[in-house]
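Below is one structure; the comments refer to it alone.
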Amino acid sequence: MYKSVSPEFYLKVFNCPHCGAYANMSWSITENRFGRYGERTPIHVSRCAHCRKDSFWLKTAEGEEDDPGQGIMIIPAGSIAPMPHPEMPEDVKADYLEARSIVNNSPRGASALLRLSIQKLCVHLGQSGKNINNDIGNLVANGLPLEIQQPLDIVRVVGNNAVHPGELSGNDVADIAITLFHLVNEIVEDRIAKPAKLKGLFDRLPEGAKKAIEKRDGKN
């Protein structure tokens, strides 16, 4: 099962921004030393158990009791959005990666690019790619389940409204943007990765068993 969790301050497990692996993270606090005495800084460090590389975070708000508070990742400076699903088609991945590279500074631009990636993904699902709303409607008519139709429409509507003044506020888009990346990956997992995996398993069945199944289905 494909797993993708965006980096988050003091989260124990997420996808490493260096290697992309879903891995355990250990956390520590840095210190400044001036003369004989040291003092803690607001810079915290997470270390990936898979690649052993460090990410540096700036603490921006104190928490209460056991709450570590809030922080933002400053090194690496890349996006905290999840990496693309490994089975994502290359033309879809190009827009996805561009969106990922700008989401920190332009959630609206990233959302619009994700809408474009969905439009291209519809082509891989057998649609024309000319009108994304019609494509999704055709997929629904052909049996697309609700749990996939809704993510498709969420990315479509948010990506469309993000570039139209008055439709969604900048804060609204910023709050939703990272979730859109996860939705695109979930669509790829359900519509491309899972069917390919199941087909591979079915192809490994003995020929006699496959012929018996074809005969059974033909009678039905």
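Keep in mind that what you see is a predicted model, and the values were worked out from it rather than measured.
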Measuring only between side-chain heavy atoms, which start at C-beta, is [X] closer than 4.5 Å to [Y]?
{"X": "L97", "Y": "P84", "value": "yes"}
{"X": "K59", "Y": "Q70", "value": "no"}
{"X": "S26", "Y": "S46", "value": "no"}
{"X": "D203", "Y": "K199", "value": "yes"}
{"X": "P17", "Y": "M73", "value": "yes"}
{"X": "C48", "Y": "C19", "value": "yes"}
{"X": "L11", "Y": "F14", "value": "yes"}

Say whether, by atom type as modelled, one donor and one acceptor occur between the side chain of [X] and the main chain of [Y] under 3.5 angstrom.
{"X": "T30", "Y": "T41", "answer": "no"}
{"X": "N15", "Y": "V5", "answer": "yes"}
{"X": "D135", "Y": "G129", "answer": "yes"}

Please report the closest heavy-atom contact between [X] and [Y], naming both atoms and the distance.
{"X": "L139", "Y": "C122", "result": "CD1-SG, 4.3 Å"}
{"X": "E189", "Y": "P195", "result": "O-CD, 4.4 Å"}
{"X": "V123", "Y": "S128", "result": "CG2-O, 3.8 Å"}
{"X": "A177", "Y": "L114", "result": "O-CD1, 4.3 Å"}
{"X": "Y10", "Y": "S28", "result": "OH-O, 4.1 Å"}
{"X": "P151", "Y": "L183", "result": "CB-CD2, 4.0 Å"}

Can you see whether [X] engages [Y] through a side-chain donor-acceptor pair at a distance of less than 3.5 angstrom?
{"X": "D54", "Y": "H18", "value": "no"}
{"X": "Y96", "Y": "N185", "value": "yes"}
{"X": "N138", "Y": "Q127", "value": "yes"}

Could you grab the distance from atom [atom1] of [X] to atom [atom2] of [Y], nearest 0.5 Å is fine?
{"X": "M88", "Y": "K93", "atom1": "CE", "atom2": "NZ", "value": "8.0 Å"}
{"X": "E186", "Y": "R191", "atom1": "CD", "atom2": "CZ", "value": "13.0 Å"}
{"X": "N32", "Y": "R40", "atom1": "CG", "atom2": "CZ", "value": "13.0 Å"}
{"X": "L180", "Y": "R156", "atom1": "CG", "atom2": "CZ", "value": "13.0 Å"}

Honestly curious: do [X] and [Y] fall in one hydrophobic cluster under the side-chain, below-4.5 Å linking rule?
{"X": "I29", "Y": "I72", "answer": "no"}
{"X": "I118", "Y": "L113", "answer": "no"}
{"X": "I154", "Y": "V92", "answer": "yes"}
{"X": "I74", "Y": "F9", "answer": "no"}
{"X": "I102", "Y": "M83", "answer": "no"}

Tell me, with the steps shown, if H124 and D91 meet side chain to side chain contact (heavy atoms under 4.5 Å, CB included).
-> CA-CA 10 Å; H124 291 275; D91 59 335; 2.9 Å; yes
Sequence neighbours excluded, every pair satisfying ring pair (Phe, Tyr, Trp, His ring centres under 6.0 Å) that has a member inside residues 48-74 = W27-W57
Evaluate the criterion side chain to side chain contact (heavy atoms under 4.5 Å, CB included) for residue pair E39 and E31; output intermediate values, then yes/no.
-> CA-CA 5 Å; E39 59 182 18; E31 287 189 351; over 6 Å; no
Got a sec, which residues hit side chain to side chain donor-acceptor pair (under 3.5 Å) with D190, two or more places apart in sequence or on another chain?
-> none
Run the numbers on D153 and I136 for side chain to side chain contact (heavy atoms under 4.5 Å, CB included), then give the verdict.
-> CA-CA 8 Å; D153 275 321; I136 295 173; 3.6 Å; yes
Would S117 and E98 satisfy side chain to side chain contact (heavy atoms under 4.5 Å, CB included), going step by step from the backbone distance to the final call?
-> CA-CA 10 Å; S117 71; E98 184 178 351; over 6 Å; no
D95 pairs by salt bridge (Lys or Arg N to Asp or Glu O under 4.0 Å) with which of K120, R115, R100?
-> K120
Could you walk me through whether K211 and E214 pass the salt bridge (charged side-chain N to carboxylate O under 4.0 Å, His left out) check?
-> CA-CA 5 Å; K211 289 181 179 179; E214 291 173 0; over 6 Å; no
